[in-house]
Amino acid sequence: MQTKTAKRSRWVPIATFLAIQAVLACWWAAFYPGLFSRDSVLYLRHTMAGPWVSDHSVAYDGLLWLSMRMTGDVGLVTLLQTTAMAAVLTYLAGALKALGAPRRSTTAIAILLPLLPPVGAFAVALWKDVPFTLCAVAIAAVCAGLAANRTLTGARLVALGGLMTALGLFRANGFLVVAVALVVLVVVVRTRRSWLAVVGAAAAAVPLLLSNVVLPHVGISAPSSTYVYHTAFGDVAVLYRDHPELFTDRDQTLMTAVAPLSRWREGGTCHTINTLIWRRDFSWQQADKHAGKLLGLWKRLLLEHPGLIVEARLCRGQIAWWPAENTWAVGGETYHFSLRPTAETYIGPGKVPDYPERQVFSLRPKSPDLHRVAEAWLIGSTQYDSLIWRGALWAYLSYVAVALGAWALRNRYVVAVAAVVAGQQLAILANISAQDFRYMATPIYVGMLLLPLLVSAAWRLVRRGVFERPSRRDRPAE
């Protein structure tokens with residue numbers, strides 16, 4: 001009987017993986033070669049037309065380049081993303097079950113997750129945020145395994161180091177996520193803390209050293225100053241719109257060299273920087289030229305009026321902490337996907353320099369019927385924006401779940417599962433550009449898979465009577 005049970009349990013992860021992969025394969029066929037945006041077109045341009053630039057992710061640019069060289073298309077990248085997504089969700093579900101989460105309900109949620117557009121459609125999007133999110137969810141899975149065994153093994157330490165390094169390779173702010181997650185882990189973990197700190201510090205430093213020291217020496221250009229400081233420029237626009245009296249004639253002359261003052265006012269919506277830097281009358285060339293002076297203006301405003309800068313950042317970071325979108329504010333809505341059929345219809349002529357391989361960015365569904373169903377479901381799901389598209393709610397539920405789980409299981413290591421969630425949430429509060437759901441995808445996945453643990457932990461505590469006053473016999477001796 002035990003042998004049969006063991007064999008059955010070995011087959012559960014395989015069956016779970018195959019079920020998830022089957023659903024994701026349908027999304028892939030429906031949106032082949034993948035959903036894309038202006039950023040996607042730039043990724044491929046870096047490698048096909050040049051020059052290579054590290055403003056997005058050289059690692060992801062390289063994946064697109066390999067796909068083009070091997071197949072002449074980018075569909076291989078999105079297919080691999082679906083397989084990685086299936087593996088990571090299966091891994092996290094298995095680790096949570098080992099930790100004590102109910103097996104059937106956790107498996108069921110893992111299999112149902114890819115039916116949701118924030119999971120299924122996201123898996124076939126040509127965004128660097130997809131592998132970034134997969135690495136973050138995998139970190140949560142490693143931490144769940146750590147919690148299940150209550151020890152940090154050498155293998156898990158290596159896995160954490162590799163995954164944390166990958167976060168920085170796929171997104172420039174990955175080191176911030178690593179820094180916050182590392183603080184949580186060092187507080188929670190009792191063994192190998194020194195090694196954990198060293199590995200985490202190295203993981204945060206390696207991508208920074210690569211982009212600032214190594215890559216320029218191999219012909220890969222550093223990001224433009226405007227790309228690096230664009231959120232600071234957005235802060236300047238917000239303060240100019242709301243408090244023009246803070247700006248001297250010299251400040252306004254500097255700003256006019258980059259864009260008309262009317263653009264700074266109109267672009268001063270605190271929810272997004274897109275209405276400032278992605279308009280024809282904003283000159284990136286002039287912004288790069290005057291970047292040092294503009295950053296100096298921002299620093300002066302920060303020192304003199306720190307509350308206003310923080311307020312602007314909190315507003316722009318609403319995707320991280322507020323569960324509902326702001327449909328009344330410019331840029332306050334949650335951005336999902338563009339859903340346009342070709343690069344030209346999304347970007348417009350002349351917005352990105354043309355190159356021959358650009359034609360791959362056109363939707364060519366493998367199945368028109370699947371495309372109609374998937375597109376209708378994707379569009380219709382936006383009415384459930386707060387529930388399935390914004391990660392803030394799921395971040396908070398993750399914290400509740402690990403807190404109750406740690407209490408119910410008498411296992412402090414459970415808190416580590418949400419370390420990367422906290423890292424992503426706080427990193428976005430520090431620096432983000434718009435209300436894009438992809439910036440908080442990790443809490444959605446982790447939070448949903450933590451639901452069974454949350455419910456079972458709460459039920460355990462109720463059954464144990466922890467909320468009742470302890471009896472005389474249970475009280476410690478004085």
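Start at 1 with the first residue, then count along the sequence.
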Could you tell me whether a side-chain N or O of Q425 sits under 3.5 Å from a main-chain N or O of A320, the two making a donor and an acceptor?
yes
Check whether Y32 forms a cation-pi arrangement with K366 (NZ or CZ under 6.0 Å from the six-membered ring centre, at most 45° off the ring normal).
yes
Stepwise side chain to side chain contact (heavy atoms under 4.5 Å, CB included) test for F17 and T83:
CA-CA 9 Å; F17 170 81; T83 303; 4.0 Å; yes
Just wondering, do T272 and T269 contact through their side chains at under 4.5 Å, heavy atoms?
yes
Determine whether H336 and D436 satisfy the following criterion, side-chain hydrogen bond (donor to acceptor under 3.5 Å, both in side chains), listing intermediate values before the conclusion.
CA-CA 7 Å; H336 309 106; D436 292 13; over 6 Å; no
Return yes if some donor-acceptor pair links the side-chain N/O of S40 with the main-chain N/O of L126 below 3.5 Å, else return no.
yes
Kindly say whether P323 contributes a backbone atom to a donor-acceptor pair with the side chain of S386 at under 3.5 angstrom?
yes
Criterion side chain to side chain contact (heavy atoms under 4.5 Å, CB included) on M48 and L64, from CA distance to verdict:
CA-CA 10 Å; M48 295 290 105; L64 293 179; over 6 Å; no
So with a 6.0 Å cut-off around CH2 of W322, is the heavy-atom count from everything else above 12?
no
Strictly distance-based, threshold 3.5 Å: is any side-chain N or O of H371 a donor or acceptor partner for the main-chain N or O of A30?
yes
Under 3.5 Å donor-acceptor pairs involving side-chain atoms of residues 196-220, not counting sequence neighbours:
unit_1 : atom_1 : unit_2 : atom_2 : d
S211   : OG     : P207   : O      : 3.1
S211   : OG     : L208   : O      : 3.3
N212   : ND2    : L208   : O      : 2.8

Does this structure show an ion pair linking R316 with D235, if we count only N-O contacts that are shorter than 4.0 Å?
yes
Using only atom types and a distance under 3.5 Å, with no angle test, would you say the side chain of T71 pairs donor to acceptor with the backbone of S67?
yes
Test of ring centre spacing under 6.0 Å for W278 and F282
no
Answer yes or no: is there a side-chain heavy-atom contact under 4.5 Å between Y413 and L99?
no
So L185 and C143, do their side chains get closer than 4.5 Å, heavy atoms only?
yes
Is any side-chain heavy atom of H46 less than 4.5 Å from a side-chain heavy atom of P51?
no
Heavy-atom neighbours of Y229 OH exceed 12 at 6.0 Å
no
Side-chain donor or acceptor of D288 paired with backbone N/O of T226 under 3.5 Å:
yes
In this structure, CE of M440 is separated from OG1 of T334 (nearest 0.5 Å) by 11.5 Å
Distance-only, no hydrogens or angles: does the S367 side chain make a donor-acceptor pair with backbone N or O of L370 under 3.5 Å?
yes
Would you indicate whether the side-chain heavy atoms of V137 and V420 approach each other to under 4.5 Å?
no
Lys/Arg cation over aromatic W127: R438, 6.0 Å, 45° cone
yes
Atom pair OG (S433) and CG (N274), whose distance is rounded to the nearest 0.5 Å
6.0 Å
Quick one: does R150's side chain have a donor or acceptor within less than 3.5 Å of a partner on L146's backbone?
no
Taking the inter-plane angle between the rings of Y60 and Y43 on a 0 to 90° scale, is it parallel (under 30°), tilted (30 to 60°) or perpendicular (over 60°)?
perpendicular
Hey, could you give me the CG/CG distance between L76 and L80, rounded to the nearest 0.5 Å?
4.5 Å
Please examine the side chains of L92 and Y445, heavy atoms only from C-beta on, and report whether any two atoms are closer than 4.5 Å.
no
Looking only at heavy atoms, which two atoms of V23 and L115 are closest? And how far apart?
CG1-CD2, 3.7 Å
Would T47 and D61 count as having a side-chain donor-acceptor pair, cut-off 3.5 Å?
no
Restricting to non-hydrogen atoms, name the atom on M448 and the atom on P452 that form the minimum distance, rounded to 0.1 Å.
O-CD, 3.9 Å
Using every non-hydrogen atom in the two residues, find where T327 and E333 come nearest and quote the distance to one decimal.
O-OE2, 3.7 Å
Mark yes when over 12 heavy atoms from residues, nucleotides or ligands other than R190 sit less than 6.0 Å from its CZ; otherwise mark no.
no
Ignoring hydrogens and angles, tell me if any N or O in the side chain of Q435 forms a donor-acceptor pair with the backbone of H271 under 3.5 Å.
yes
N431 CG to T231 OG1 distance, which is reported to the nearest 0.5 Å
3.5 Å
By the definition ring-ring contact (aromatic ring centres under 6.0 Å, His included), identify the one residue from W389, W394, Y335 that meets it with F437.
W389
Please report the C-alpha distance between R460 and L409 in whole Å, then the side-chain angles of each, then the deciding distance to 0.1 Å, and finally whether the side chain to side chain contact (heavy atoms under 4.5 Å, CB included) criterion is met.
CA-CA 9 Å; R460 279 193 194 192; L409 299 173; 2.8 Å; yes
Do the two ring centres, one from F337 and one from F122, sit under 6.0 Å apart?
no
Looking only at non-hydrogen atoms, find the nearest pair between A93 and T106 and report the distance.
O-CG2, 3.8 Å
Residues L176 and A427: closest non-hydrogen pair is CB-CB, 3.8 Å
Measure the spacing between CG of L134 and CD1 of I139 and express it to the nearest 0.5 Å.
11.5 Å
Contact between L276 and H230 at the side-chain level, heavy atoms closer than 4.5 Å - yes or no?
no
Check for a donor-acceptor pair, side chain of S54 on one end and backbone N or O of S221 on the other, with a separation under 3.5 Å.
yes
Please evaluate residues R193 and T191 with respect to the criterion side-chain hydrogen bond (donor to acceptor under 3.5 Å, both in side chains), reporting the C-alpha separation (whole Å), side-chain torsions for both, the decisive distance (0.1 Å), and the verdict.
CA-CA 5 Å; R193 282 177 171 171; T191 59; over 6 Å; no
Give the C-alpha distance, both sets of side-chain angles, the deciding distance and a yes or no for side chain to side chain contact (heavy atoms under 4.5 Å, CB included) between I388 and I444.
CA-CA 7 Å; I388 65 174; I444 297 174; 5.9 Å; no
Gap separating the CZ atom of R156 from the CZ atom of R192, nearest 0.5 angstrom:
10.5 Å
Could you check whether any side-chain heavy atom of Q81 comes within less than 4.5 Å of a side-chain heavy atom of T78, counting everything from C-beta outward?
yes
Correct closest heavy-atom pair for G62 and W52 would be CA-CH2, 4.2 Å
